[in-house]
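Report on the following structure.
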Amino acid sequence: MAVDSWWPADDAFEIMVGAVLTQNTSWTNVEKAIQQLKQHELLSAEAMLASDVALLAEVIRPSGYYNVKTKRLLALCDWYLQQGGEVVLATWPMAKLRAGLLEVNGVGPETADDIVLYAFHHPVFVIDAYTRRIFSRLGLLNEKAPYAELQSQFEQAIPADVKTYAHYHALIIEFGKETCKTKPRCQACCLRDRCELAQVS
DNA sequence: ACCCAGGGTCATA
DNA sequence: TATGACCATGGG
């Protein structure tokens, strides 16, 4: 599965926006917000910073936490332009990019890694709630372990390759979304049959 | 009418 | 350092 086939976006900036909007939120809600950003021609750092804050909040409303996320998007836009935008950021090494993103208010480890992997194509493994739930139910990791610790486990188990990391993450999300909706705890037994993911252990 | 969902920050002890 | 409150929507 190609990276872009499950995180569709026209450019790196759109992925950055999506990474913030999807915080603790289903992707279907994020799609609505992004669609509305496009309709209002607000899907650029310059346009967001120049827009009326109340309007921006209203436009991204479907993604939830819209007041918080409005501030976070503006902080990210600010940083993005200050550094010189996509052209400059694309030249940064992975560690510098990740550290820089983490400095932005509202960008935590998962949001930063979404951006590092999907927008700038550096090999970093994204740890999300699905990863924690599914693999802890399989008894393969401690759900409460710190982000960096879990990330290290996956990065040691999987070859450090952008497409591979994106592929595994996509598989995890697919299970998180599609299996056993009425019985969430059944995810583990469904997962056992999927060789690709079972091999992660 | 409930329950859940792909985070992160801040205040408190 | 660790735990809890808070942010808010949409779908099952």
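Every heavy atom of this structure was used, including side-chain atoms; hydrogens, water molecules and symmetry mates were not. To find a chain, count down the sequence lines: A is the first, B the second, and so on, and within it residues start at 1.
- One interatomic measurement links the two molecules: CG of A:Asn24 to P of C:dG11, which rounds to 17 Å at whole-angstrom precision.
- One interatomic measurement links the two molecules: CG of A:Leu101 to P of B:dT9, which rounds to 12 Å at whole-angstrom precision.
- In this structure, of C:dG10, B:dG8, B:dG6, it is B:dG8 that holds the atom nearest to the side chain of A:Thr111.
- Taken together through direct or relayed side-chain contacts under 4.5 Å among Ile, Leu, Val, Met, Phe, Trp and Tyr, A:Leu21 and A:Val68 form parts of separate hydrophobic clusters.
- Between A:Ile60 and A:Gln36 the shortest side-chain heavy-atom distance does not fall below 4.5 Å.
- Of the candidates B:dT9, C:dG11, B:dG6, B:dT9 carries the atom nearest the A:Arg72 side chain, counting heavy atoms from C-beta on.
- Tracing side-chain contacts under 4.5 Å through hydrophobic residues (I, L, V, M, F, W, Y), one reaches A:Leu37 starting from A:Trp27; they form part of the same cluster.
- Ranking B:dA5, C:dA8, C:dG11 by closeness to the A:Lys32 side chain, first place goes to C:dG11.
- Look at CG on A:Leu21: it is 13 Å from C1' on B:dG6, rounded to the nearest Å.
- Summarising the base pairing, B:dA1 is matched to no nucleotide, lacking a Watson-Crick or G-U wobble pair whose two defining distances lie under 3.5 Å.
- Rounded to an integer number of Å, the gap from A:Arg61 CZ to C:dA8 P is 10 Å.
- In this structure, A:Lys69 reaches neither bases nor backbone, as no heavy-atom distance under 4.0 Å exists between it and the strands shown.
- No path of Ile, Leu, Val, Met, Phe, Trp and Tyr side chains, each step under 4.5 Å between heavy atoms, connects A:Leu74 with A:Leu102, placing them in separate hydrophobic clusters.
- Residue A:Tyr66 places its side chain closer to C:dT9 than to any other of C:dC7, C:dT9, B:dG6.
- Nucleotides B:dA1 and C:dG11 place their C1' atoms 14 Å apart, quoted to the nearest Å.
- One can place CD1 of A:Ile34 at 18 Å from P of C:dT9, the figure rounded to the nearest angstrom.
- Listed nucleotides: B:dG7, B:dG6, C:dG10. Nearest to the side chain of A:Tyr65: B:dG7.
- In this structure, A:Phe154 has its ring center at least 6.0 angstrom away from the ring center of A:Tyr168.
- The CG atom of A:Asp128 sits 12 Å away from the P atom of B:dA5 (whole-angstrom rounding).
- Considering only side-chain atoms of A:Asn29, the nucleotide from B:dT9, C:dT9, B:dA5 that sits closest is C:dT9.
- One atom, CD of A:Gln35, and another, C1' of C:dG10, lie 17 Å apart when rounded to the nearest Å.
- When the nucleotides B:dT9, B:dG7, B:dA5 are ranked by their closest atom to the side chain of A:Glu110, B:dG7 comes out on top.
- Here A:Val20 lies out of heavy-atom contact (under 4.0 Å) with every strand.
- Distance CH2 (A:Trp27) to P (C:dG11): 16 Å, rounded to an integer number of Å.
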